[in-house]
Peer 1: 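Have a look at this one.
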Amino acid sequence: MIIFFRKLSESWPAKILLGLLAISMMSVFGLGSMTSMWGKQDVVLKVGSDAVRTQDLQNAFNQELTRARAMMPGRYLSPAEAIQMGLLNSTVQKQVSDRLKRVMTEDLETIASNDSVRNYIVNNDAFQTMMGQFDRALFDAYLRQLNLSEAGFTANLRQELAQKHVFDAIQSVVAVPSLLRDKMYAYENEARDMSVLLIGPESVKINEKPTEEDLRDYYDAMQDDLYAPEYRTVSVVRITPQTVADSILVSDEEVQVLFDESKDALSTPERRQVAQILVSDEAQAAELMRGLTAANFDAVALKAGQSPEETDLGWLTKDSVLAELSVPMFEAQKGEVTGPVESPVGYHILWIKDIEPAKTVQLADVKEELIQKAKAEKTYDLMYQKSKEFDTRIGAGETLETAAAALQLPVETGIVTDASGMDKSGKNSALNNPAAVQSAFMLPQNEVSALIDEGDGYLAVRVDQIEPRTLKSFETVQDVLTAEWVKDKQEKQVQSYADDLFARAQKGDSLKTVALFSGLKVQELKDIKRGDLQSLPPQIGDDLFRAETNHPVLMPLNEGFVLAEVTGVRMPDAAQDEIGLKTVTQDLNNAITSGLIEETLVYYSNKAGVSVNMPLIEQTFSIYMKPENN
């Protein structure tokens, strides 16, 4: 395998270019560029002969949605929100990428052994106790959280480890050429001293005022920009959690079922506040127990080298402690000192400082919370049903008002918007949805749009009135014309002023002298590297690092200019910066490796063939999924 990749990496300049440009997987086999080659009608993507069907993609999306929800505790992430955030696109991309990697490992006959899979699981921090031991319960909880079987998890892990073998093999043949490394190090670490003078519009004042003739000329020249926009008045129906909430009913029987399912989670288990003396020797533990009481516990612990802060374990539940400690710790009485208890980490002497009894929640205490939870679970199902029925009714010729009334949905009327989403006062219109605004300006009058995704629901718009764009009168835009005249005048004077200062600097005046003459302030910048100029446009940074010492340069910046002069240049000494040189080397190594991995997947993409049926994907995910699919 290494020989294969060594041959692949022989033309390293091309690979470096790939790495430095960071070509993304999407650009290699992006969704927009994939061709169609379909057999079954429910196939959404194919990599070689491996077909992914609509149900497979839905399952994969649901798994990614579960992961996303786990990272957003306390908030319900709906499928529509997740799709809007790009989760569907990333799921499709991952499906393609995973299959290409599988094609690659199969072609290279790369496998991960049972031992490597077992070692990865056992040594994973996520599945270990605080003592560093593998905890089967943590592993099972992880699988439940992601709705994965152990067989499915290990199969995926085996594939990922096999891919890692290949990628490690690729990285093992990457060697960063010393010439490239040195050039990159010098590029990143060259330091310059600069004198900088900023010349902006505030540097000049316009005391003149335009004549009416000037403004008339501007009015004639700017007419394309002086039209009042076309406005459309629309009516809107929204299908959101808020608009369907009133029609959701929850029975007492449903509340009871929810309570029975969640009673254990809502209840609080017994907790105990515990202090512990932990030693490794049984004889020492027995000696410490002689005469030990709650009253002298801290003093005895200090003799054993443990402060009160170190012995305090805080409040614990039975399932949060080592199995060997759970029984003696939770059978002892309040104030009792018990032990020593042996565990894999030593001998424990336990002081039960306080006990907080278990609390069993009553239905009356959480009924309202359970009702709201049941409503939330029903909301998206009801929104799905109402959106389907709304489409059906509008398709059958019902008016917006009739369809809305039948579904108990409110109709918002009299919303005025222009094509940019602004109302006549220049504020965001009540429509407040770019897709809905776009739809409103594509519809003829009195026609109802299809349902439009609004993040947390849907909306449909109907165009009730159209006001064509009109040219504003000269009298109403004189302030605009005056501002434009002043701006043009100012730009010319700033240009003239900057050219004059630049000419002085070219004749030999220092920037300090130029600044003194102009009343401006020169900035002295010391030890500036390319990375320090990120706030400036790239072209200005490049010009400043190409400029010769003591040769002024004039560069446009926003509405003004930068007059600068390099006063000193210091080239870095790589021999004195071992850490910096290693950092550059590692960055280049990663860039080259990334480029090689991407080119490898391009190779297998071309070899296997990749196609994605975006219309079918969009159709499959066009409506909020039902809760049972979430």
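The residues of the chain are indexed from 1 along the displayed sequence.
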Peer 1: Could you work out, with side chain to side chain donor-acceptor pair (under 3.5 Å) as the rule, every residue matching Gln242, not counting sequence neighbours?
Peer 2: Thr240
Peer 1: Where do Gly580 and Tyr185 come nearest, in terms of heavy atoms and distance?
Peer 2: C-CE1, 3.9 Å
Peer 1: Can you see which heavy atom on Thr549 is nearest to which on Gly568, and at what distance?
Peer 2: CG2-N, 4.3 Å
Peer 1: Under 3.5 Å, side chain of Asp532 to main-chain N/O of Lys529, donor-acceptor pair present?
Peer 2: yes
Peer 1: Please list all pairs meeting side chain to side chain donor-acceptor pair (under 3.5 Å) that have one or both residues in residues 500-512, counting only residues at least two apart or in different chains.
Peer 2: Ser510-Thr513
Peer 1: State whether the side chain of Asn62 and the backbone N or O of Gln58 hold a donor-acceptor pair below 3.5 Å, judged by distance alone.
Peer 2: yes
Peer 1: What's the spacing between Leu215 CG and Asp220 CG if we round to 0.5 Å?
Peer 2: 11.0 Å
Peer 1: Going by the rule side chain to side chain donor-acceptor pair (under 3.5 Å), which residues pair with Ser195 if we only count those two or more places apart in sequence or in a different chain?
Peer 2: Glu524
Peer 1: Which side-chain N or O atoms in residues 431-451 pair as donor and acceptor under 3.5 Å with protein atoms at least two apart or in another chain?
Peer 2:
unit_1	atom_1	unit_2	atom_2	d
Asn433	OD1	Ala435	N	2.9
Asn433	OD1	Ala436	N	2.9
Gln445	NE2	Asp464	O	3.0
Ser449	OG	Val461	N	3.0

Peer 1: Using every non-hydrogen atom in the two residues, find where Val244 and Leu382 come nearest and quote the distance to one decimal.
Peer 2: O-CD2, 3.8 Å
Peer 1: Say whether, by atom type as modelled, one donor and one acceptor occur between the side chain of Thr600 and the main chain of Leu596 under 3.5 angstrom.
Peer 2: yes
Peer 1: So Glu401 and Arg462, do their side chains get closer than 4.5 Å, heavy atoms only?
Peer 2: yes
Peer 1: Which value, rounded to the nearest 0.5 Å, describes the distance between Leu557 atom CG and Leu198 atom CG?
Peer 2: 7.0 Å
Peer 1: Could you walk me through whether Val566 and His551 pass the side chain to side chain contact (heavy atoms under 4.5 Å, CB included) test, one step at a time?
Peer 2: CA-CA 7 Å; Val566 176; His551 280 68; over 6 Å; no
Peer 1: Which heavy atom of Ala498 sits nearest to which heavy atom of Phe561, and what is that distance?
Peer 2: CB-CD1, 3.7 Å
Peer 1: Between the side chain of Lys386 and the main-chain N/O of Ile239, is any donor-acceptor distance below 3.5 Å?
Peer 2: no
Peer 1: Would you name the heavy atoms of Glu565 and Pro552 that are closest together and state the gap between them?
Peer 2: OE2-CD, 4.0 Å
Peer 1: Is there a donor-acceptor pair under 3.5 Å between the side chain of Asp56 and the backbone N or O of Arg53?
Peer 2: yes
Peer 1: Would you give the length of the straight line joining atom CD of Gln95 to atom CD of Glu64, rounded to the nearest 0.5 angstrom?
Peer 2: 8.0 Å
Peer 1: How long is the span from the CD atom in Glu484 to the CG atom in Asp214, to the nearest 0.5 Å?
Peer 2: 13.0 Å
Peer 1: With side-chain hydrogen bond (donor to acceptor under 3.5 Å, both in side chains) as the criterion, how do Gln495 and Asp499 come out once you've worked through the C-alpha distance, each side chain's angles and the decisive distance to 0.1 Å?
Peer 2: CA-CA 6 Å; Gln495 175 77 65; Asp499 289 341; 3.1 Å; yes
Peer 1: Counting neighbours of CE on Met71 that are heavy atoms of other residues, nucleotides or ligands and sit closer than 6.0 Å, is the number greater than 12?
Peer 2: no
Peer 1: Determine whether Leu180 and Leu588 make a side-chain contact, defined as any pair of heavy atoms from C-beta on separated by less than 4.5 Å.
Peer 2: yes
Peer 1: Would you find a donor on one side and an acceptor on the other, under 3.5 Å apart, between the side chain of Thr482 and the backbone of Gln478?
Peer 2: yes
Peer 1: Considering residues at least two apart in sequence or located in another chain, which fulfil the ring pair (Phe, Tyr, Trp, His ring centres under 6.0 Å) criterion with Phe545?
Peer 2: none
Peer 1: Do the side chains of Leu520 and Ile199 get nearer than 4.5 Å, heavy atoms only?
Peer 2: yes
Peer 1: Would you please test Val92 and Ile617 for side chain to side chain contact (heavy atoms under 4.5 Å, CB included) and show each step?
Peer 2: CA-CA 9 Å; Val92 173; Ile617 292 174; 3.9 Å; yes
Peer 1: Listed by chain and number, what are the side chain to side chain donor-acceptor pair (under 3.5 Å) partners of Lys607, not counting sequence neighbours?
Peer 2: Asp107
Peer 1: As an exercise, state the distance from CD1 of Ile452 to CG of Leu459, rounded to the nearest 0.5 Å.
Peer 2: 5.0 Å
Peer 1: What verdict does the side-chain hydrogen bond (donor to acceptor under 3.5 Å, both in side chains) test give for Asp423 and Tyr231, after you've listed the backbone C-alpha separation in whole Å, the side-chain angles of each residue and the deciding distance to 0.1 Å?
Peer 2: CA-CA 8 Å; Asp423 62 19; Tyr231 287 102; over 6 Å; no
Peer 1: Does a side-chain heavy-atom distance below 4.5 Å link Phe61 with Phe621?
Peer 2: yes
Peer 1: Flag the pair Val236 / Ile415 as yes when at least one side-chain heavy-atom distance between them is below 4.5 Å, and no otherwise.
Peer 2: yes
Peer 1: Can you tell me how far apart OG (Ser496) and CD (Glu491) are? Round to the nearest 0.5 Å.
Peer 2: 13.5 Å
Peer 1: Pairs in or reaching into residues 533-545: which pass salt bridge (charged side-chain N to carboxylate O under 4.0 Å, His left out), with residues at least two apart or in two chains?
Peer 2: Asp543-Arg546
Peer 1: Which residue pairs pass the salt bridge (charged side-chain N to carboxylate O under 4.0 Å, His left out) test with at least one member in residues 469-481, sequence neighbours excluded?
Peer 2: none
Peer 1: Quick one: which residue pairs count as a salt bridge (charged side-chain N to carboxylate O under 4.0 Å, His left out) with a foot in residues 85-100, not counting sequence neighbours?
Peer 2: Asp50-Arg99, Lys94-Asp98
Peer 1: What pair of heavy atoms forms the shortest contact from Trp485 to Tyr218, and how long is it?
Peer 2: CD1-CE1, 3.5 Å
Peer 1: Quick check: do Gln493 and Ile206 have side-chain heavy atoms less than 4.5 Å from each other?
Peer 2: yes
Peer 1: Between Ser518 (side chain) and Val514 (backbone), is there a donor-acceptor pair under 3.5 Å?
Peer 2: yes
Peer 1: Could you check if a side-chain atom of Leu554 sits within less than 4.5 angstrom of a side-chain atom of Val562, using non-hydrogen atoms only?
Peer 2: no
Peer 1: Output all residues satisfying side chain to side chain donor-acceptor pair (under 3.5 Å) with Asp193, sequence neighbours left out; order by chain, then residue number.
Peer 2: Arg570
Peer 1: Is it the case that the side chain of Ser594 and the backbone of Asn590 share a donor-acceptor pair, with hydrogens and angles ignored and the cut-off at 3.5 Å?
Peer 2: no
Peer 1: Do Asp418 side-chain atoms and Ser420 backbone N/O form a donor-acceptor pair below 3.5 Å?
Peer 2: yes
Peer 1: Below 4.5 Å, heavy atoms only, C-beta onward: do Ser203 and Val494 meet side chain to side chain?
Peer 2: no
Peer 1: Output, in order, the C-alpha distance, side-chain angles, deciding distance and verdict of side chain to side chain contact (heavy atoms under 4.5 Å, CB included) for Leu226 and Val480.
Peer 2: CA-CA 9 Å; Leu226 297 176; Val480 175; 4.3 Å; yes
Peer 1: Consider side chain to side chain contact (heavy atoms under 4.5 Å, CB included). Of Val553, Leu544, Thr567, which one does Met194 pass it with?
Peer 2: Leu544
Peer 1: Can you check side chain to side chain contact (heavy atoms under 4.5 Å, CB included) on Val96 and Val612, steps first, answer last?
Peer 2: CA-CA 9 Å; Val96 173; Val612 176; 4.2 Å; yes
Peer 1: Using the salt bridge (charged side-chain N to carboxylate O under 4.0 Å, His left out) rule, collect all pairs that involve residues 234-245, keeping only residues at least two apart or in two chains.
Peer 2: Arg238-Glu412, Arg238-Glu454
Peer 1: Among all residues two or more places apart in sequence or in another chain, which pass the ring pair (Phe, Tyr, Trp, His ring centres under 6.0 Å) test with Phe517?
Peer 2: none
